[in-house]
J.: 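Take a look at this one; I'll ask things after.
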Amino acid sequence: MSFNIEDYYTDQNGGEILLAYKGSITTELINNVLDTVESKLQDFNEASKIRKKVYNVLVESLQNLFHHIDDLPEKFRETYESHFGILVVSKEKTQYKISTGNFIRSEKVQYLKEKIDKINSLSKEELKEMYKFILNHQKISEKGGGGLGLVDIARKTGNKLDYVFDKFDEEFYFFNLDVYIDESNN
Amino acid sequence: MEPLIIEGTPKTPTVKFDAETGVVEIKGRSIPENSVEFYKPLVDWLEEYKASPASKTQVNIQLEYFNTSSSKCILDVFKKLEAIHKAKHDVEINWYYEEDDEDMLEAGEDYESIIRIPFKMIEIVE
């Protein structure tokens, strides 16, 4: 059975949804999402510490999407806009969850998987060292990324990055990343 | 030398660099998708300022949010200030963070451990 975007999107919609989106990930979209989620967090009367964490992690998640999305597989080019991604921000009991999904070319899967596994294997202190090392030693890419986003997310949330690579066809996988932010952080 | 003044936006900070007074300020949010473009004039300004800085340079960094794309650019700003400090000029860095914002305090400590200038960590209590 092949991977189905619509099923995936429906499955993500558990908990209390603050925002769910599928489509082109553009700068305007990012601005709108940030505004919407910020005002919802205000409405929830969430402690400023948690509000900031969710907002920060959301910024990184969106900008990771923005910078790293690959083209769509050919059969979807008619159906979906280019720069296609999925974003769901929800609250489940005592956690916020930020889910992102995007197509990724098969040849990048191994590298990304190893990178996430590495991040997940590190302690808080080791993550801090890794962050500082990348910050101080790696050149910033043209895209403005620089490999810090996932490390920063792991550091700020204190939780493991939860991911799945679903094989779509020989050329593409669908990459889903779930990030959790605990309400009673630390 | 002309001061560098940039009005803040929802995604970029307010910047006030004044060579006369030696006050260098970055305040607000720094979360643009492409921060290199935004920070280039700041780094260029400091490069020029380095030639004849004020007797004391007072740096105030008060960020509510910054993304990882900005974090490298902010380090570039600090590296310019470090060069001024190394040339035996007085440089004071004030790193402001809001009450309870441990992430922002920690970010300041990260920079302090890379840049060899002592930071003053200032908690803003509302």
Side-chain angles (χ1 to χ4, degrees), chain A residues 25-35 38 47-67 124-125 127-158 181 185-186, chain B residues 8-13 28-40 42-43 61-82 96-117 119 123-126:
Chain A
I25 306 291
T26 61
T27 298
E28 284 85 59
L29 181 267
I30 292 178
N31 296 349
N32 286 335
V33 167
L34 290 176
D35 283 351
E38 190 172 31
S48 83
K49 190 175 158 178
I50 302 306
R51 238 172 37 220
K52 280 189 185 163
K53 244 182 226 289
V54 174
Y55 190 86
N56 256 313
V57 172
L58 183 62
V59 169
E60 290 306 324
S61 303
L62 285 166
Q63 292 180 346
N64 259 345
L65 267 185
F66 181 81
H67 290 304
K124 190 174 188 302
E125 202 47 45
L127 278 172
K128 183 187 175 81
E129 289 313 312
M130 186 183 192
Y131 180 93
K132 276 160 51 176
F133 183 84
I134 299 172
L135 178 64
N136 201 19
H137 293 94
Q138 226 165 69
K139 276 250 178 278
I140 192 155
S141 74
E142 280 296 304
K143 290 173 171 180
L148 276 173
L150 290 173
V151 182
D152 187 61
I153 290 171
R155 244 186 118 180
K156 289 213 166 89
T157 62
I181 300 129
N185 206 277
N186 303 320
Chain B
T9 73
K11 287 173 101 173
T12 55
R29 296 181 173 196
S30 183
I31 53 169
E33 273 76 55
N34 183 352
S35 36
V36 178
E37 205 179 315
F38 179 81
Y39 279 90
K40 190 174 184 303
L42 281 67
V43 173
I61 310 287
Q62 188 176 333
L63 291 167
E64 189 189 0
Y65 296 111
F66 68 91
N67 60 1
T68 54
S69 158
S70 300
S71 67
K72 286 189 183 251
C73 299
I74 295 168
L75 182 63
D76 288 342
V77 166
F78 282 135
K79 291 227 158 132
K80 290 288 171 214
L81 294 161
E82 186 186 33
Y96 291 85
Y97 63 100
E98 282 174 47
E99 197 177 1
D100 272 356
D101 193 349
E102 286 152 27
D103 290 333
M104 194 55 79
L105 171 62
E106 219 173 310
E109 290 167 352
D110 289 349
Y111 284 119
E112 188 182 23
S113 72
I114 296 173
I115 298 296
R116 286 152 204 231
I117 312 176
F119 278 43
E123 186 175 8
I124 309 162
V125 183
E126 295 208 348

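Letters A, B, ... mirror the listed sequences (proteins, then strands); counts begin at 1.
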J.: Give a yes or no on whether a salt bridge exists between A:Lys124 and B:Glu102, defined as a side-chain N under 4.0 angstrom from a carboxylate O.
T.: no

J.: Which answer fits B:Asp101, side chain, backbone, both or neither, if we ask what part of it has an atom under 4.5 Å from a heavy atom of chain A?
T.: side chain

J.: Shorter than 4.5 Å, heavy atoms on both sides: which option in A:Leu135, A:Val59, A:Val151 has the most such pairs with chain B?
T.: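 It is A:Leu135.
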
J.: Closest heavy-atom contact between B:Met104 and B:Phe66?
T.: SD-CE2, 3.6 Å

J.: Please state whether the side chain, the backbone, both or neither of A:Glu129 comes within less than 4.5 Å of a heavy atom of chain B.
T.: neither

J.: Would you say B:Glu82's side chain and B:Arg116's backbone share a donor-acceptor pair under 3.5 angstrom?
T.: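 Confirmed, B:Glu82 side chain pairs with B:Arg116 backbone.
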
J.: Which answer fits B:Ile114, side chain, backbone, both or neither, if we ask what part of it has an atom under 4.5 Å from a heavy atom of chain A?
T.: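 For B:Ile114, the contact with chain A is made by the side chain alone.
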
J.: Report which part of B:Pro32 has an atom under 4.5 Å of a heavy atom belonging to chain A: side chain, backbone, both, or neither.
T.: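 The answer is the backbone of B:Pro32.
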
J.: Test side chain to side chain contact (heavy atoms under 4.5 Å, CB included) on A:Ser61 and A:Asn64; report intermediate values, then the result.
T.: CA-CA 5 Å; A:Ser61 303; A:Asn64 259 345; 5.7 Å; no

J.: Could you check A:Lys49, A:Lys52, A:Lys128, A:Lys53 and say which one makes a salt bridge (Lys or Arg N to Asp or Glu O under 4.0 Å) with B:Asp103?
T.: A:Lys53

J.: Can you tell which part of A:Leu34 gets under 4.5 Å to a heavy atom of chain B, answering side chain, backbone, both or neither?
T.: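 Only the side chain of A:Leu34 comes within 4.5 Å of chain B.
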
J.: Could you have a look at A:Asn136, A:Asp152, A:Asp35 and say which one has the most heavy-atom pairs with chain B under 4.5 angstrom?
T.: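 It is A:Asn136.
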
J.: Classify the side-chain pair B:Ser30/B:Tyr39 by whether it contains a donor and acceptor separated by less than 3.5 Å.
T.: yes

